[in-house]
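Worksheet: the structure to be examined is printed underneath.
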Amino acid sequence: MGALAASIASRVPSGLLSAGLSLAALASPGEIIRRASRLEDKLKELLRVHGDRAGAEQGGGGQQNKERFLRAYERLKTELLNDRAFDFDFTEETRQWVAKMLDYNVPGGKLNRGLSVIDSYMLLREGTEVDDEDFYLACVLGWCVEWLQASALVLDDITDNAYTRRDNLCWYKLPTVGLSAINDGVLLKCHVQAIIKRYFKDKLYFLDLLELWNEIGLQTAMGQMLDLITTHTGAKDLARYRIQGYRRIVKYKTSYYSFYLPVACALLLNDAKLSDYIELKNVLIEMGVYFQIQDDYLDCFGDPEVIGKVGTDIEDYKCSWLIVQAMELANENEMKILYENYGKSDPQCVAAVKNVYKELDLQDIFLEYESRVYKHLVSTIDAEADRAIREILKIFLKKIYRRKK
């Protein structure tokens, strides 16, 4: 055992080592990566447990923030259902529909995007008092991000013919909903504009906030368009699935609204100018690409019981990271199998594609990519001079690194 391994072993409970890493017995670099990953996950779990205990001893601020965030949702929902700003003639039937639609689609996820607004804002305000009103405004923008996410998922599930979302049937799959979900998805996005106007129209940064949301909305829609015209329209040709096109889709469809938007909202709340944080934006966009590559990997190799949905990227002919890698590495026979089976709903066709992925060692290639991008992001974050920005980026990276869902 080398010096590093011995150093690790001296700090690890013997039960973990017995389940973990017998270096001499490892058969391949891929197996080394997999076993090291499992051991690291167990170590992280130990650290997480002790970290949670330490947080509880310090007052459990994170949990309190989440509870306050959840209470803010109820207030925002009530205000929307009783909004007279647009002279809506709500009937009891329409009010019940909107209430059910909101509860089904908006608060059911992990809430990472919305809570990231609060986390980022609190770090930017560190050292100064944050009163209830300022905290609530951070909650409002956090929920706006979650509303936008809900809108995107409702519409995305329809175009992808998805079946489950967040451990439930997709909204459009409910017998009483169907394709009326299209209008619900549009309505959710309209709610964001109404909420922003209600709470921020008198703020000095109101125009900057509107410009940010309009820009992100356009970028996200363009990303969805790129995805749709690549996947659903025209002659289907796997030869078009290349890494440059993939990164372009992901950057616009996912990175901007999932990673940059929450931090940009927090910066504006803190009276910052977004033009002063271009490098921060670039790092967050890169994290978003990494996040989507994880999503593509989990769609194929993740446990549906854990991720909360049944992956359908193969059946849907998606331009996913896995098929992009496969098109780079496949031999003539493997390429023939991919062309014959990709994009078909037949379980045997799906299995054939997954078998090619396994033959190409795409699981190992993903783990190698994840390790490489993590090291790059860590070094980039460590080089950031602003402590608050550095901590914000660390929180984002911690949430996504080696996630299982």
Side-chain angles (χ1 to χ4, degrees), residues 61-62 65-66 68-69 72 76 111-149 192-220 251-252 254-291 377-400:
N65 288 348
K66 185 173 183 178
R68 294 171 72 182
F69 184 61
L76 290 169
L111 305 180
N112 281 340
R113 293 169 180 82
L115 289 170
S116 292
V117 178
I118 298 172
D119 292 340
S120 301
Y121 179 64
M122 297 301 284
L123 283 167
L124 291 168
R125 288 288 302 271
E126 197 169 54
T128 63
E129 183 180 355
V130 178
D131 60 27
D132 288 344
E133 180 181 353
D134 287 343
F135 187 88
Y136 182 69
L137 290 179
C139 290
V140 170
L141 285 180
W143 278 115
C144 284
V145 179
E146 291 294 334
W147 244 269
L148 180 64
Q149 163 78 347
V192 173
Q193 298 297 325
I195 293 169
I196 289 175
K197 182 180 179 182
R198 175 190 291 274
Y199 281 98
F200 299 99
K201 64 181 178 181
D202 295 327
K203 302 295 183 183
L204 292 176
Y205 52 81
F206 177 57
L207 289 179
D208 291 332
L209 194 60
L210 283 183
E211 183 177 334
L212 170 68
W213 278 86
N214 288 334
E215 182 180 294
I216 296 293
L218 177 60
Q219 288 164 333
T220 305
K251 174 182 176 182
Y252 288 102
T254 301
S255 289
Y256 278 105
Y257 92 88
S258 293
F259 285 79
Y260 176 60
L261 179 59
V263 179
C265 285
L267 287 168
L268 290 176
L269 279 173
N270 200 45
D271 295 320
K273 291 292 183 183
L274 298 183
S275 57
D276 295 335
Y277 293 90
I278 300 302
E279 184 56 33
L280 168 64
K281 180 179 182 178
N282 292 336
V283 177
L284 289 166
I285 296 304
E286 188 60 33
M287 281 194 194
V289 173
Y290 165 40
F291 176 85
L377 288 170
V378 167
S379 64
T380 302
I381 293 168
D382 287 343
E384 169 60 49
D386 188 311
R387 180 184 178 280
I389 298 302
R390 198 163 61 243
E391 292 303 313
I392 287 170
L393 291 171
K394 284 181 179 179
I395 287 175
F396 269 91
L397 187 56
K398 182 180 178 181
K399 285 180 179 179
I400 64 175

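- With sequence neighbours left out, Ser116 forms a side chain to side chain donor-acceptor pair (under 3.5 Å) with Lys399.
- Smallest separation of non-hydrogen atoms from Ile285 and Lys251: CG2-CG, 3.8 Å.
- Residues Glu391 and Glu126 fail the side-chain proximity criterion, which asks for heavy atoms closer than 4.5 Å.
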For Gln219 and Tyr257: C-alpha separation, side-chain torsions, deciding distance, then whether side chain to side chain contact (heavy atoms under 4.5 Å, CB included) applies. CA-CA 8 Å; Gln219 288 164 333; Tyr257 92 88; over 6 Å; no
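- A pairwise comparison of heavy atoms in Leu274 and Ala264 identifies CD2-O, 3.7 Å as the closest pair.
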Verify side chain to side chain contact (heavy atoms under 4.5 Å, CB included) between Asn214 and Gln193, making sure each step is shown before the conclusion. CA-CA 9 Å; Asn214 288 334; Gln193 298 297 325; 3.9 Å; yes
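- Annotation: side chain to side chain donor-acceptor pair (under 3.5 Å) contacts of Asp132 (sequence neighbours excluded): Arg68.
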Does the pair Val192 and Val145 meet the rule for a side chain to side chain contact (heavy atoms under 4.5 Å, CB included), with working shown? CA-CA 8 Å; Val192 173; Val145 179; over 6 Å; no
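- Remark: Thr128 engages Arg125 in a side chain to side chain donor-acceptor pair (under 3.5 Å) (not counting sequence neighbours).
- No side-chain donor-acceptor contact under 3.5 Å links Ser120 to the backbone of Ile392.
- A heavy-atom distance below 4.5 Å is not found between the side chains of Glu384 and Leu280.
- The shortest side-chain heavy-atom distance between Gln149 and Thr220 does not fall under the 4.5 Å cut-off.
- Considering only residues two or more places apart in sequence or on other chains, Tyr252 meets the ring pair (Phe, Tyr, Trp, His ring centres under 6.0 Å) condition with Tyr256.
- In this structure, the separation between NZ on Lys394 and CG on Leu397 is 10.0 Å, given to the nearest 0.5 Å.
- One finds the OG1 atom of Thr380 at 8.5 Å from the CE atom of Met287 (value rounded to the nearest 0.5 Å).
- The backbone N or O of Glu133 sits less than 3.5 Å from a side-chain atom of Asp131, completing a donor-acceptor pair.
- The ring pair (Phe, Tyr, Trp, His ring centres under 6.0 Å) test applied to Phe259 returns Phe291, Phe396, not counting sequence neighbours.
- Once rounded to the nearest 0.5 Å, the distance linking CG of Leu209 with NZ of Lys197 reads 14.0 Å.
- Residues Val117 and Phe69 are not in side-chain contact: their nearest non-hydrogen atoms beyond the backbone lie 4.5 Å or more apart.
- Between Phe200 and Leu137, the closest side-chain pair of non-hydrogen atoms falls below 4.5 Å.
- Looking only at side-chain heavy atoms (C-beta outward), Ile196 and Trp213 come within less than 4.5 Å of each other.
- Note that CG of Leu212 is 12.5 Å distant from CG of Leu207, once rounded to the nearest 0.5 Å.
- Partners of Phe206 under the ring pair (Phe, Tyr, Trp, His ring centres under 6.0 Å) rule, at least two apart in sequence or in another chain, do not exist in this structure.
- The local environment of CG in Leu204 is sparse, with at most 12 non-hydrogen atoms from other residues, nucleotides or ligands closer than 6.0 Å.
- With a 4.5 Å cut-off on side-chain heavy atoms, Tyr199 and Leu141 do not count as touching.
- Taking CG from Leu268 and NZ from Lys273, the interatomic distance works out to 8.5 Å, rounded to the nearest 0.5 Å.
- Separating the CG atom in Asn270 from the OH atom in Tyr121 is a distance of 6.0 Å, to the nearest 0.5 Å.
- Put simply, the side chain of Ile195 reaches to within 4.5 Å of the side chain of Val140, judged on heavy atoms.
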Just do the side chain to side chain contact (heavy atoms under 4.5 Å, CB included) check on Tyr277 and Leu284 with the steps written out, would you? CA-CA 11 Å; Tyr277 293 90; Leu284 289 166; over 6 Å; no
